[in-house]
Amino acid sequence: MSGKLTVITGPMYSGKTTELLSYIEIYKLGRKKIKIFKPALDTRYGRSIISTHTGDGVEAIPISKAEEIEKEIEDDVQAVFIDEIQFLEENLVNVVKKLIDKGIDVFCAGLDLSYKQNPFPTTAKLMALADTVVKKKAVCHICGEYNATLSYKIAGEDTEIDVGGMEKYIAVCRDCYNKLLKERSGGKRGES
Ligand code: ADP
Ligand code: TMP
Ligand code: MG
Ligand code: ZN
């Protein structure tokens, strides 16, 4: 039987990694053989650690290219977990297809949109392929409502790949995002 693909997505702080860790726990409790991966470029909490914003973590194999996953998969692996998929290239989709065709369940977590609201292509394609998409929300940093679907950059470089946490990004709802953009452009409509 083929495996199932689950994609957990949403803005920063929405609990994507927390949910990924809870699935890892479920598979570990069931004594399943699993493999956990993360992009090597995400060094926020160490090269080989997946960590939540509250500090819970698990060991993971750091990879630079999606193909490196295939080399790590022995015949008895039953599930594969990958965090921060937005940092891996689009070929991850082909690798994941091969895994689910082999009967391996795959759980991926990552951002759907950059702070500029551009979709991350790898996440978008995996969402299209997924059996289940879990779209999470965060608490809006500005208005306090549980409706944040966007990440907003408060500091750092003007690049869409920029590893960081609370010193660089906040989670916001769409109304607050647009208000922040307007304030930044000195109140002129439609400018960023
Ligand atoms: P993600 O991987 O989506 O960034 P994590 O699973 O690492 O999220 O972290 C989720 C945790 O972040 C929450 O359980 C909460 O304790 C904390 N947190 C910090 N800021 C927020 C926020 N604005 N909204 C929701 N949770 C937040
Ligand atoms: P998180 O979703 O687990 O909080 O992690 C998101 C990571 O992605 C974090 O290192 C910051 C980074 N990031 C970007 O590189 N570009 C972006 O546009 C955003 C919003 C986050
Ligand atoms: Mg995370
Ligand atoms: Zn808001």
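Counting starts at 1 for both ligands and their atoms, following the listed order.
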Peer 1: Please state which protein non-hydrogen atom is closest to atom 23 (N) of ligand 1 and give its distance, to 0.1 Å?
Peer 2: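 Nearest protein contact, heavy atoms only, for atom 23 (N) of ligand 1 is Val139 O, 2.8 Å.
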Peer 1: Flag Thr18 as yes if one of its N/O/S atoms falls below 2.8 Å of the Mg ion (ligand 3), otherwise no.
Peer 2: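 No - counting backbone and side chain alike, Thr18 has no N, O or S atom under 2.8 Å.
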Peer 1: Tell me whether Gly15 has any N or O atom under 3.5 angstrom from an N or O of ligand 1.
Peer 2: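 In this structure, Gly15 places an N or O atom under 3.5 Å from an N or O of ligand 1.
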Peer 1: Just distances here: any N/O of Thr52 and N/O of ligand 1 closer than 3.5 Å?
Peer 2: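 N/O-N/O distance below 3.5 Å does not exist for this pair.
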Peer 1: What's the SG-the Zn ion (ligand 4)-SG angle here (Cys173, Cys176), rounded to 10 degrees?
Peer 2: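 My answer is 100°, to the nearest 10°.
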Peer 1: In the protein, what heavy atom is nearest to atom 27 (C) of ligand 1, and what distance, to one decimal place, separates them?
Peer 2: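 For atom 27 (C) of ligand 1, the nearest protein heavy atom comes out as Tyr13 O, 3.6 Å.
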Peer 1: Determine whether the side chain, the backbone, both or neither of Met166 has a heavy atom under 4.0 Å from any heavy atom of ligand 1.
Peer 2: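 Contact part for Met166 vs ligand 1: side chain (C-beta onward).
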Peer 1: For residues Tyr27 and Asp105, is any side-chain donor paired with an opposing acceptor at under 3.5 Å?
Peer 2: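 Short answer, yes.
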Peer 1: Under 4.0 Å from a heavy atom of Ala138: give me the atoms of ligand 1 that qualify, with their elements.
Peer 2: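 Counting from 1, the qualifying ligand atoms are 24 (N).
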Peer 1: Do other residues, nucleotides or ligands put more than 12 heavy atoms under 6.0 Å from Glu74 CD?
Peer 2: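 Counting neighbours around CD of Glu74, more than 12 heavy atoms of other residues, nucleotides or ligands fall under 6.0 Å, so yes.
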Peer 1: Should the proximity of Thr54 to ligand 1, defined as any heavy atom under 4.0 Å, be assigned to the side chain, the backbone, both, or neither?
Peer 2: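 The answer is the side chain.
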Peer 1: Hey, is Lys33 close enough to Asp75 for a salt bridge, meaning N to O under 4.0 Å?
Peer 2: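 So Lys33 does not pair with Asp75 through a salt bridge.
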Peer 1: Side chain or backbone, does Ser14 bring an N or O within less than 3.5 Å of an N or O on ligand 1?
Peer 2: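 Among all N and O atoms of Ser14, at least one is under 3.5 Å from an N or O of ligand 1.
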Peer 1: If you count heavy atoms of other groups shown closer than 6.0 angstrom to NZ of Lys135, is the number above 12?
Peer 2: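 No, the 6.0 Å shell around NZ holds no more than 12 heavy atoms from other groups.
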Peer 1: Using a strict cut-off of 4.0 Å, indicate which atoms of ligand 1 neighbour a heavy atom of Pro11.
Peer 2: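 That gives atoms 3 (O) of ligand 1.
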Peer 1: How does Ala109 reach ligand 1, if at all, at less than 4.0 Å between non-hydrogen atoms: by side chain, backbone, both, or neither?
Peer 2: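 For Ala109, there is no contact with ligand 1 at all, from either part.
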Peer 1: Look at atom 12 (O) of ligand 1 and say which protein heavy atom is nearest, naming residue and atom and giving the distance to 0.1 Å.
Peer 2: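 Atom 12 (O) of ligand 1 sits closest to the protein heavy atom His53 CB, 3.7 Å.
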Peer 1: Can you give the angle Cys143 SG - the Zn ion (ligand 4) - Cys140 SG, rounded to 10°?
Peer 2: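 About 100° at the Zn ion (ligand 4).
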Peer 1: Does ligand 1 have any atom sitting under 4.0 Å from a heavy atom of Ala148?
Peer 2: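 Ala148: no contact with ligand 1 (<4.0 Å).
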Peer 1: Any side-chain heavy atom of Tyr152 within less than 4.5 Å of one from Gln117?
Peer 2: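 No, side chains not in contact.
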Peer 1: The Zn ion (ligand 4) and His141: any N/O/S contact shorter than 2.8 Å?
Peer 2: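 Short answer: no, not a single N, O or S atom is under the cut-off.
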